Peer 1: 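Take this structure first; my questions come after.
A quick note: this is a predicted structure, and the numbers were derived from the prediction, not measured. All residue numbers in this chain count up from 1 along the given sequence.
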Amino acid sequence: MSDSSIKSDAKHLGEKLFDLKLDTNGLPLIPQPSDDPADPLNWPLKLKILVLVQVSFLAALGTLNTSIINPAYVPMAKDLGVSTIVASYQTSVVIALNGIGPFIWNPLANVYGRRPIYLFTTLLGFASAVGCGFSKTFTNLLVSRVFNGLFPIALSLGAASVTDMFFIHQRGRAMGFFTVFLTTGAHIAPILGGVVGQFLGWQWCFFLAAILDGAMLLVIFFCLPETLYIRSAGSYSQQPTQQRFTRATYIRSLFVFRKFPGRTLHLRQFFLPSLRMARYPSVLLPAIYYGMAYGFGSILPAVTVSHVFSQHFNFSTLVIGLAYGGALTVGGLIGELAGGMVVDYIIKHERQKHKERVEPEVRLKAIWTGEILVPVGLLMYGFGVQYRVNFMMPIVAMGIAMAGVQVITTVAYVYAIECYRQEASDTSQLINLIRQEFGFTFAFYAIRMGDKIGYQFTFLIFSIIGSGVAFAPIVWLMFRGKEMRESLGKPDSLDLFGYSDEII
């Protein structure tokens, strides 16, 4: 796209022509920032990184709250008088509610701002985790876990915060950083849960989660500014702004209650925006593929490892946590190195090569690494568990699968959001819903299925579904995605606020 065509697009949006702001390579910044120093796009890079770290930690805490109890199923089941399989259901319930919760919180965050929602949900996570620790019956635990499942809003809203602050050429690495925390929280959780559950009791798994939630609540109260910003035609000028980001600007961004012009809350905002994004294949197909990969490669080990490793390898709570958590943590970090950096390199190379805006489908080139690693890890895990060759085989397999999941996570999030940038919050919400509900479904039947037909056949079936059936549409998107998006047009009908806040 040439400079003249970019300006033509701006005029088509109803904005007056302005001097384009350029990046260090002389290319137009996308999206174009306003001239207001309070605009998150204009924030100093250090502040953006500070906010990114906080939002990423919130996402990690969300998955940590979900998974920290997993290594301690056996002692928890014994104390509460249920089987280990039934004990795993409380995690399945949380996984399901992780996908439903954003339908409550995201619309509120789009009207009243990200900051108050982050604060309230973190407080909810703290209180519900305390309730879990004091539960004396399985029913009481389930009730507390229901509220705890509504806490991790950062799983979906975090992607919108990344989009609020970073330009298109920065989002790959920023989203990669965010997604590695999102997945790694669930991997560090069993390490902590294994140690705490072994020496202090399963209740302290929840108390530790509550302590971390409370500490993070204090941090974000003082250090997490509002990232939602409404850009309008009046925010731009032909002359560079002489204003600078000051301490007063930062303090104003910490106000909990703010008004955003043109934004009012309606009942239809709680469901329609995200669900309607399912009609766009560039969102739905990556979401399904990612949901399958995450469910098979990350959630299934989380809900099966305590049962399988205690029976097949006689592992204790401590060893289960260290083995499972360590494997997924290392795998996730390796996968991130092959995810965000590769995506950003591909985009930078294509822009320098063609001197124009590259299509989002270019990002899908980076997904092949994950497509290979996930089924390899799943098959190694299934056969290793079934035939008990050596306990190291399923442990290494979990790391391999998780490396692939991390690559797929980064690419799927960035691609879908890049296709529909103005709907970033709704898109990430739909992706989160599909991921969590797939994981919830698999979690209920994985152990019973593995015990009945064998874990080798169970994970063979999962590999065929996740890396065969679900991946075929991704290949189609690589070649026909742009054509399909142009034929469907932009989701203007989803603009419930009556304005457009992105230029270019």
Side-chain angles (χ1 to χ4, degrees), residues 55 58-70 88-110 117-118 120-122 124-125 128 142-161 178-179 181-183 185-186 189 269-280 283-303 405 408-409 412-413 416-417 423-446 465-466 470:
V55 172
L58 284 173
L61 276 181
T63 52
L64 182 143
N65 274 253
T66 300
S67 306
I68 195 169
I69 192 61
N70 292 353
S88 70
Y89 292 166
Q90 49 82 32
T91 297
S92 300
V93 168
V94 175
I95 291 172
L97 288 170
N98 286 169
I100 297 173
F103 283 89
I104 301 173
W105 308 123
N106 275 18
L108 296 173
N110 289 333
I117 303 305
Y118 281 133
F120 178 78
T121 54
T122 305
L124 179 62
S128 58
L142 278 179
V143 172
S144 296
R145 290 290 267 169
V146 166
F147 289 100
N148 196 244
L150 297 174
F151 149 54
I153 183 59
L155 297 184
S156 63
L157 190 60
S161 295
F178 167 75
T179 56
F181 270 73
L182 183 151
T183 54
Q269 295 168 10
F270 285 89
F271 302 100
L272 293 182
S274 293
L275 294 180
R276 285 185 180 179
M277 291 306 296
R279 72 182 291 261
Y280 298 94
V283 175
L284 180 63
L285 298 181
I288 292 175
Y289 176 56
Y290 164 53
M292 292 281 188
Y294 188 83
F296 293 144
S298 181
I299 292 180
L300 281 189
V303 298
V405 170
I408 294 170
T409 302
Y413 260 100
I417 289 174
E423 292 76 28
S425 177
D426 299 325
T427 297
S428 61
Q429 183 176 336
L430 180 65
I431 293 174
N432 180 69
L433 172 68
I434 292 175
R435 178 191 66 219
Q436 298 302 122
E437 302 320 308
F438 275 166
F440 164 76
T441 303
F442 302 148
F444 264 111
Y445 303 105
I465 295 174

Peer 1: Start with the C-alpha distance between Glu423 and Val283, add both sets of side-chain angles, then the distance that settles side chain to side chain contact (heavy atoms under 4.5 Å, CB included), and finish with yes or no.
Peer 2: CA-CA 11 Å; Glu423 292 76 28; Val283 175; over 6 Å; no

Peer 1: For residues Trp105 and Leu157, determine if any side-chain heavy atom of one lies less than 4.5 Å from a side-chain heavy atom of the other.
Peer 2: no

Peer 1: Check step by step if side chain to side chain contact (heavy atoms under 4.5 Å, CB included) holds for Leu142 and Tyr89.
Peer 2: CA-CA 9 Å; Leu142 278 179; Tyr89 292 166; 5.6 Å; no

Peer 1: What pair of heavy atoms forms the shortest contact from Ala154 to Phe178, and how long is it?
Peer 2: O-CZ, 3.2 Å

Peer 1: Measuring from atom CG of Leu182 to atom CG of Leu61, what distance do you get when rounded to the nearest 0.5 angstrom?
Peer 2: 11.5 Å

Peer 1: Is Thr427 reaching over with its side chain to a backbone N or O of Ile417, donor-acceptor style, under 3.5 angstrom?
Peer 2: no

Peer 1: Can you list the steps and then say if Tyr118 with Ser161 is a side chain to side chain contact (heavy atoms under 4.5 Å, CB included)?
Peer 2: CA-CA 11 Å; Tyr118 281 133; Ser161 295; 2.8 Å; yes

Peer 1: Are the side chain of Arg279 and the backbone N or O of Leu284 linked by a donor-acceptor pair below 3.5 Å?
Peer 2: no

Peer 1: Rounded to the nearest 0.5 Å, what separates atom CG in Asn106 from atom CG in Leu430?
Peer 2: 11.0 Å

Peer 1: I need the single residue from Leu155, Leu433, Thr63, Leu150 that forms a side chain to side chain contact (heavy atoms under 4.5 Å, CB included) with Asn98. Which is it?
Peer 2: Leu155

Peer 1: For residues Pro286 and Ala412, report the shortest heavy-atom separation together with the two atoms involved.
Peer 2: O-CB, 4.1 Å

Peer 1: Hey, what do you get for CG (Leu97) to CD (Glu437), rounding to the nearest 0.5 Å?
Peer 2: 8.0 Å

Peer 1: With sequence neighbours excluded, tell me which residues meet ring-ring contact (aromatic ring centres under 6.0 Å, His included) with Tyr290.
Peer 2: Tyr294, Tyr413

Peer 1: If I take atom OG from residue Ser428 and atom CG from residue Asp426, how far apart are they, to the nearest 0.5 angstrom?
Peer 2: 7.5 Å

